[in-house]
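Report on one structure; see the data block that follows.
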Amino acid sequence: MVVAKAWVLKKHFDGFPKTSDFDLKKIELPNLKDGGEQKLLLESVFLSVDPYMRPYSRRVMKEGDVMIGTQVARIVESKNPAFAVGAFVVGDRGWRTHFISDGKDLQLLPSSWPESLPKSLALGTVGMPGLTAYFGLLEVCKMKPGEIVLVNAAAGAVGSVVGQLAKIGGCKVVGCAGSDDKVAYLKKIGFDEAFNYKTVNSLDEALRKASPDGYDCFFDNVGGEFASVAINQMKKYGRIAVCGAISQYNDSVPQKGPYVQMPMIFRELQMEGFLVSRWKNRWEEGLQALLKWVMEGKVKCHEKVTEGFENMPMAFIGMLKGENLGKAVVKV
Ligand code: NDP
């Protein structure tokens, strides 16, 4: 019998998450059976920590539930011929070291996944965050060659892919992030302009300097004040993809405007919220495109890897504070 370790939400987050909001539990797993649902035993190899866990915990979890999240896992025992022992899959089974599955909720890594490529990228650039950048830019921003694209939280999992895909698409890219090291990284991976939003005297001036003509597309990961300032620098008929609002996730009291209607009207803007799950039926297309660009060296990947399952809460909190460059993952 295998005993899994799992992190549960002890107490709903109030403001910024704390390590005391989590509890480490042990769960005895049943032995596999030939019939029924207990066909596969898996061990998590990499676990993802993502911003959505903060707002979604309130919406979909109750206290005592295992924290939500995805993992790259290895098949340890199999009574399902579709999954060989040793194969790697992406699962959606939360913060646990081991779990049982019938296989229906698992995605095998693409068969073309090269041996040299870290499997953790299936949680980042060649996974849900990369797909968010891909569909958000193509389907929501509808970027066209020659346009100017703005992205915030640009050195993170989604933002760093947004900037690089916009360059592949023939756009000029402006990004901002919360440290000088992150800004240097953005320039290294091809952003045309980048600045540290925490140290500029005026966000308005920094955005104007980076693109005096304004912005055609704004891929917004942050919301709040940044979005309020940026919306006034959109070009006529500009498109805003509302992907995330990380500056608001930890607010106990909702922030108040400025409000968006006036610039929306006079610049005739389109602003659309989206969830990447909308394109679930096209994930294969997106993953193949991302994998190809990564293998060709056209999309560079960076990860902040935290070692040890016991450090999951710390890795999650660190990511919310901006300690990650690229995708934040935990190696079990
Ligand atoms: P990141 O890897 O970008 O990590 C989060 C980053 O957010 C931090 O590193 C930090 O970078 C930045 N940040 C934290 N607090 C603030 C703040 N108050 N103001 C500005 N920046 C802040 O995460 P992801 O790439 O995974 O996610 C980025 C956004 O995309 C999130 O809002 C997330 O919820 C959203 N998302 C939406 C999806 C969808 O389907 N709509 C799917 C996936 C993600 P810095 O040092 O630059 O401040």
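Both ligands and their constituent atoms are indexed starting at 1 by order of listing.
- Cation-pi geometry between K119 and F88 is satisfied (NZ or CZ under 6.0 Å from the ring centre, within 45° of the ring normal).
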Show me, pair by pair, the donor-acceptor contacts under 3.5 angstrom made by side chains of residues 132-155, not counting sequence neighbours?
unit_1	atom_1	unit_2	atom_2	d
T132	OG1	M128	O	2.7
Y134	OH	E285	OE2	2.7
E139	OE2	R282	NH1	3.0
E139	OE2	R282	NH2	3.3
K142	NZ	E139	O	3.0
E147	OE1	K144	N	3.0
E147	OE1	R239	NH2	2.6
E147	OE2	R239	NH1	3.4
E147	OE2	R239	NH2	3.1
N152	OD1	N221	N	2.6
N152	ND2	D220	OD1	2.9

Original post:
Please walk me through it: do F22 and F13 pass side chain to side chain contact (heavy atoms under 4.5 Å, CB included)?
Top reply: CA-CA 9 Å; F22 302 90; F13 307 123; 3.6 Å; yes
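- Residue-ligand proximity, L320 to ligand 1, at heavy-atom distances under 4.0 Å covers atoms 14 (C), 15 (N).
- Closest heavy-atom approach to atom 34 (O) of ligand 1 within the set Y52, F226, Y249: this belongs to Y249.
- Those atoms of ligand 1 that come under 4.0 Å of a heavy atom in G326, given as number and element, are 2 (O).
- Residue F274 has at least one nitrogen or oxygen atom sitting less than 3.5 Å from a nitrogen or oxygen atom of ligand 1, judged on distance alone.
- Taking a cut-off of under 4.0 Å to the non-hydrogen atoms of L275, the atoms of ligand 1 that pass are 40 (O), 41 (N).
- Considering each of S179, A157, G322, G244, the one bringing a non-hydrogen atom nearest atom 10 (C) of ligand 1 is G322.
- Side chains of N80 and S78: no donor on one and acceptor on the other come within 3.5 Å.
- Distances from atom 40 (O) of ligand 1 to the heavy atoms of L186, V222, V276 show the closest one on V276.
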In a table with atom names and distances, give each donor-acceptor pair under 3.5 Å that connects a side chain of residues 298-319 to protein atoms at least two apart or in another chain.
unit_1	atom_1	unit_2	atom_2	d
K298	NZ	E296	OE1	3.1
K300	NZ	G297	O	2.8
H302	ND1	L325	O	3.2
E303	OE1	S120	OG	3.1
E303	OE2	S120	OG	2.7
N311	ND2	E307	O	2.8

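- The distance criterion of under 3.5 Å between nitrogen or oxygen atoms is not met by K321 with respect to ligand 1.
- Checked against a 3.5 angstrom limit, the closest N/O atoms of K182 and ligand 1 fall inside it.
- At a 3.5 angstrom cut-off on N or O pairs, C243 counts as close to ligand 1.
- Within a 6.0 Å sphere centred on NZ of K331, other residues, nucleotides and ligands contribute 12 heavy atoms or fewer.
- For the pair M128 and ligand 1, a heavy-atom separation below 4.0 Å is found.
- Considering V161, N250, I246 only, the shortest heavy-atom separation from atom 16 (C) of ligand 1 involves I246.
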**OP:** Verify side chain to side chain contact (heavy atoms under 4.5 Å, CB included) between L29 and L41, making sure each step is shown before the conclusion.
**Re:** CA-CA 9 Å; L29 301 183; L41 169 67; 3.8 Å; yes
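- Closest heavy-atom approach to atom 32 (O) of ligand 1 among the candidates L131, N221, V151, V158: N221.
- An N or O contact shorter than 3.5 Å is missing between C176 and ligand 1 by distance.
- Using a 4.0 Å cut-off between heavy atoms, P129 makes no contact with ligand 1 at all.
- Close approach to M319 involves these atoms of ligand 1, each under 4.0 Å from a residue heavy atom: 4 (O), 5 (C), 8 (C), 9 (O).
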